[in-house]
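The chains referred to below are lettered A, B, ... by the order of the sequence lines, with proteins before strands, and numbering in each begins at 1.
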Amino acid sequence: MTAARNAIELKEVSLSFGSNQILTGIDMRVEPGEFICVIGASGSGKTTLLRMIAGLLTPTSGAVLLHGKPVRSPSRRVAVVFQDYGRALLPWRRAYANVSLPLEAGGMPASQRPARIRELLAKVGLGNHEDKFPGQLSGGMQQRLQIARALAQEPDTLLMDEPFGALDAMTRQTLQDEVLRLVSERKTTVFFVTHDIEEALYLGDRVVALDSNPGRVAYDIKVPLPRPRDQLTTREHPEFLRLRREMFEIMNKIHA
Amino acid sequence: MIRSRTLDIVLGVAGILILLGLWHLVTSYELISRVFLPGPAATFRSLERGIVEGALLPQTWATIERMLQGWLLASVVAIAIGSLIGVSSTARAYLQPTLEFLRPLPASAIIPVAIAVVGLSWKMVLFVVVFGSVWPTLLATVHGFAHVEPRLVEVSRLLQMSRLAFIFKIGLPNAVPDILAGMRLSLTVALILAVVGELLTGELGLGTAVLHASRQYRADDLYAGIILLGVIGLVSNYGLALADKRILAWKG
Ligand SMILES: Nc1ncnc2c1ncn2[C@@H]1O[C@H](COP(=O)(O)OP(=O)(O)O)[C@@H](O)[C@H]1O
Ligand SMILES: [Mg+2]
């Protein structure tokens, strides 16, 4: 239909757990290379939505398409970064071997792995920590490691579920910039879940707000802020301030 | 306050010395007849004869070999079967009750069965050692597999890992702490059953050596044998504790 196929397309997607309607009538299109942020109150179904796109959950009705193909099960073209890095990493594998996991799963010959792993670790600033176990790394470093593992899949779609929610403000800003830099290098499509309005505006090309009970799309706004984004100038940009105000009002209306 | 390691060692050695002192007192005042309890000096002379002069060495090695053989075989069987059961929640549902029924069955109850099936031979001993010591490791392996972090199961699905890859890359490493704990219990059981098996079959070993010493009223040799068995248990357990520490370095 469209010239460039949508990277992610949700058509009238609904999901119930038993008699409990979680999401209803979700329509959403994400273009290749687009950075989309989804915000919504806790329990509005953001994680559930992400899990459907990942192929971990099947919608009760409607369709989830990636590059025009219906999602039936997970694919290595799609990578997920979870908020709880402490559980998502393999605690018995050193940083190096954690990044190796997707390469092993993808069948990369063992001889080609070391260079790739070291390149990825260097990219996320963990070049000097390859021999550490996740338990020996700080929260921010563990999340960097999870990001490196996701990038090892060379995904064309990256799904991130409140990845920085558990980190302190300084670390969060650093990681926001790192993610922007890493995904712009590869033109990766990003589906980024957060409950932080400023984070959504700072990162996204678009912000989708979910209404709760049952979860549905309340607003979908473009963020026409120039790139590359900058923690100081972007956040002081009049358009950023205007959008932030608008989003706050939207969220207040939703939760009223 | 945390007591220092050195202090712990000093206390441990002091405990042994106190026990030896009591032993010495009890026997030198003949509170118990020397026929039944020889003094520490006589016992250690016998130990010296046994180890340094080599009289007990073949028996000691035979028992250690029997214990290790049975234990290693039991561990391999337990980890393999435990992984297969543990990785499937259906298999767990089917088999867990059966396992829980078989586990507390005293291994001695299986001895008549083993004798009937393989005869009164070294094979019977091996069978009993394996049967008795397989349970702790088997159940620990199943438990370890059953308690994989759900997030990691999702990670394996997202990476489209095969069931085999899941077992080797996630299930098994996740179960390793449980498996090691199970293997330590199994080793103790294996030593006990190796000795019981020797007593029944008369095969060369410390168990038979102790039995002969007792029949011939050689109390010093009897206690020397018992001490050696204790030392085997102690050393093997300590060795496994060291291995645990190395293997579980990631636990920090
Ligand atoms: N596996 C499940 N079974 C039943 N209910 C669930 C399950 N997962 C999530 N829910 C419910 O779905 C709703 C949305 O959850 P979630 O997608 O995690 O929201 P969010 O990520 O926006 O906080 C919640 O009310 C939650 O209790
Ligand atoms: Mg969530």
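Per-residue counts of heavy-atom pairs under 4.5 Å with chain A were compared for B/Ile247, B/Leu159, B/Val155; the largest is that of B/Leu159. Comparing A/Ala88, A/Pro134, A/Gly135, A/Gly106 by heavy-atom pairs within less than 4.5 Å of chain B, the highest count is held by A/Ala88.
Contacts between B/Ile170 and chain A at a heavy-atom distance below 4.5 Å involve backbone atoms as well as side-chain atoms. Using a 4.5 Å cut-off between heavy atoms, B/Glu149 contacts chain A through its side chain alone, with no backbone atom that close. For a residue to count as touching a neighbouring chain, one of its non-hydrogen atoms must lie under 4.5 Å from one of that chain's; by this rule A/Gln136 does not touch chain B. Interface residue A/Arg149: only side-chain heavy atoms are found under 4.5 Å from chain B.
Residues A/Glu34 and A/Thr189 bring no donor and acceptor atom of their side chains to less than 3.5 Å of each other.
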I would like to know whether B/Glu154 and B/Arg157 meet salt bridge (Lys or Arg N to Asp or Glu O under 4.0 Å); could you show each step before the answer?
CA-CA 5 Å; B/Glu154 285 185 354; B/Arg157 288 181 61 199; 5.9 Å; no
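Between B/Phe127 and B/Phe131, the ring-plane angle classifies as parallel under the 30° and 60° cut-offs.
Cation-pi geometry between A/Arg206 and A/Phe35 is not met at under 6.0 angstrom from the ring centre and within 45 degrees of the axis.
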Give the table of side-chain donor-acceptor pairs shorter than 3.5 Å for residues 72-81 of chain B, with sequence neighbours excluded, one pair per line with atom names and distance.
unit_1  : atom_1 : unit_2  : atom_2 : d
B/Ser75 : OG     : B/Trp71 : O      : 2.7

